[in-house]
Amino acid sequence: AKGTGNGLTVAGVSVVGSKNIGIYNETTGAVTNNGALNVADSTGDSSIGIYSQGGTVTSTGNATIGKNSVGIYGKDAGAKLSGDMTVDEKGIGLYVDNTTKSTVNTEITGKLAVGNNGTIGIQATKSNVKLGGDLTVGDNDSKGIFSKGAGDIETAGNITVGKDSVGIYKEGSGKVETAAGKTLTVAEKGFGIYSKGAEVDSKMNLTVNEDAIGVYVENNNLTSNGNVVVGDKGVGLLVKGAGKTLTSTGNITVGSNNSVGLYAGDDANIVQSGNVTVADNNGIGVYSKGSGHITTLGNITVGKDSIGVYKDGKGTMNINASSPIQTMTIAEKGYGLYYRGNSRADSIINSNMNMTLGKEAVGIYAKNTTVN
């Protein structure tokens, strides 16, 4: 449909071969597919199931997108799939490229399974993105949701991210919000949520494997209301940006070998109200660098040769500033609080915890710092 047409309505789309398009629309009229959407592998240029420039696309039924192919391409138009979607390697499930409107909507109501090797489930520009079901992302640089520009992202299911891949990538303004009671699991060297500019509100329980990062937020606030478990060399929650705050209410369990539960860099703040447990051998429960402040309210258990709370720079470290008094237990050769300050005037520890120290442990270590 082109020119002054009113869009298209069909009862199923199936595309084979390369460089082919099942439905092509260049009107402002809606495109509706009342059936399955299937696009086979493309060995050359990508095939597209539905292409629409200006008209909103709605597809009711499950979708299977093959290698190097595209399911729905909306140019200055939103897209909605009412069903489940599977995308094979180097394919794109929903591709919404909006340059003329303030925002459009992109949605999958069911589950989204994203393959290996550079596959993208949803790629959107200036769009509000919703995913109603579970998200699984394969290995090797694949992305579940890839969003740029203005617009929010909302997920309602569990998220599982493969090795060297990203569950949700957001660059631009807006908010990323995940559902309560769900889980986010990140494999080795992966990112669960990566945000540059957008606020993140994560209500999920988070498991981060070796050398992975659960949630990374740059230049905005991060709120986490779930429990966080971090493997060796991993980071659970990370925020960067002057005056930005990482707020965590769940319990934090940290592994070994430079594993970090909560990380604040570039003058960001940390507020932690749950309990923190750090394993043996160079784990860190809470890490802060720059001029940000730290507030912790829960019990802290520190393993052998590990650190409960580490601060480098300036700012106030409030350790259980309110009642009731909490406890800190520090195993052999561990450190409870460790502060490398700039000066006694602007580097301050206020500690209100009862401490129990093991052999050769240090409760509070402070350099160029005032300790209360």
Side-chain angles (χ1 to χ4, degrees), residues 1-42 44-88 91-114 119-133 145-156 172 174:
K2 300 178 71 173
T4 59
N6 293 319
L8 289 161
T9 300
V10 299
V13 180
S14 181
V15 180
V16 299
S18 300
K19 205 177 180 178
N20 294 322
I21 299 175
I23 293 178
Y24 184 98
N25 176 60
E26 281 189 359
T27 78
T28 57
V31 176
T32 303
N33 172 36
N34 295 314
L37 171 62
N38 297 302
V39 185
D41 296 345
S42 296
D45 293 337
S46 297
S47 284
I48 302 172
I50 301 172
Y51 174 90
S52 178
Q53 182 173 331
T56 301
V57 179
T58 302
S59 185
T60 302
N62 296 331
T64 302
I65 313 304
K67 296 178 182 179
N68 199 39
S69 293
V70 179
I72 299 174
Y73 187 146
K75 176 62 179 174
D76 299 322
K80 179 178 180 179
L81 176 76
S82 294
D84 299 335
M85 175 173 275
T86 301
V87 189
D88 210 338
I92 302 175
L94 302 185
Y95 183 10
V96 172
D97 182 18
N98 175 33
T99 58
T100 64
K101 301 176 181 178
S102 56
T103 57
V104 294
N105 296 322
T106 306
E107 182 177 2
I108 296 176
T109 63
K111 299 176 182 178
L112 175 58
V114 179
T119 309
I120 300 175
I122 298 173
Q123 181 169 335
T125 303
K126 293 176 64 178
S127 178
N128 297 309
V129 178
K130 287 187 178 181
L131 178 61
I145 298 172
F146 182 91
S147 171
K148 286 189 173 184
D152 301 329
I153 297 175
E154 182 179 344
T155 66

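Keep in mind that this is a model prediction, so the values were computed, not measured. Excluded from the calculations below are hydrogen atoms, water molecules and symmetry mates; all remaining heavy atoms, backbone and side chain alike, are included.
Under a 3.5 Å cut-off, the side chain of D41 and the backbone N or O of G66 do not form any donor-acceptor pair.
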* Asked: Passes side chain to side chain contact (heavy atoms under 4.5 Å, CB included), T109 versus K80? Steps please.
  -> CA-CA 8 Å; T109 63; K80 179 178 180 179; 3.8 Å; yes

* Asked: After noting the C-alpha distance and the side-chain angles of V114 and I122, does the key distance pass the side chain to side chain contact (heavy atoms under 4.5 Å, CB included) rule?
  -> CA-CA 9 Å; V114 179; I122 298 173; over 6 Å; no

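Annotation: side chain to side chain contact (heavy atoms under 4.5 Å, CB included) contacts of V10 (sequence neighbours excluded): V13, I23, N33. T119 is linked by a side-chain hydrogen bond (donor to acceptor under 3.5 Å, both in side chains) to nothing, counting only residues two or more places apart in sequence or in another chain. A113 pairs by the side chain to side chain contact (heavy atoms under 4.5 Å, CB included) definition with T86, T136, not counting sequence neighbours. Listed by chain and number, the residues in a side-chain hydrogen bond (donor to acceptor under 3.5 Å, both in side chains) with T99 are D76 (sequence neighbours excluded). With sequence neighbours excluded, the residues satisfying salt bridge (charged side-chain N to carboxylate O under 4.0 Å, His left out) with K75 are D97. Listed by chain and number, the residues in a side-chain hydrogen bond (donor to acceptor under 3.5 Å, both in side chains) with K130 amount to none (sequence neighbours excluded). Residues satisfying the side chain to side chain contact (heavy atoms under 4.5 Å, CB included) criterion with Q123, sequence neighbours excluded, are I92, Y95, I120, F146. In this structure N34 satisfies the side chain to side chain contact (heavy atoms under 4.5 Å, CB included) test together with T9, T32, T60, sequence neighbours excluded.
Pairs engaging residues 51-62 under the salt bridge (Lys or Arg N to Asp or Glu O under 4.0 Å) rule: none recorded [sequence neighbours left out].
Side-chain contact between I72 and V31: absent, with no pair of heavy atoms (C-beta onward) separated by less than 4.5 Å.
In terms of heavy-atom proximity, G151 sits nearest to N128 at CA-OD1, 3.4 Å. For K111 against D84, the heavy-atom pair with the smallest separation is N-OD1, 2.8 Å.
Here the CD1-CG distance, from I153 to L131, works out to 10.5 Å after rounding to the nearest 0.5 Å.
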Can you give each donor-acceptor pair under 3.5 Å made by side-chain atoms of residues 44-52, sequence neighbours left out, with the distance rounded to 0.1 Å?
unit_1: S46; atom_1: OG; unit_2: N68; atom_2: O; d: 2.6
unit_1: S47; atom_1: OG; unit_2: G17; atom_2: O; d: 2.8
unit_1: S47; atom_1: OG; unit_2: K19; atom_2: N; d: 3.2
unit_1: S47; atom_1: OG; unit_2: N20; atom_2: N; d: 3.0
unit_1: Y51; atom_1: OH; unit_2: Q53; atom_2: OE1; d: 3.2
unit_1: S52; atom_1: OG; unit_2: N25; atom_2: ND2; d: 3.0
unit_1: S52; atom_1: OG; unit_2: G55; atom_2: N; d: 3.4
unit_1: S52; atom_1: OG; unit_2: G55; atom_2: O; d: 2.5

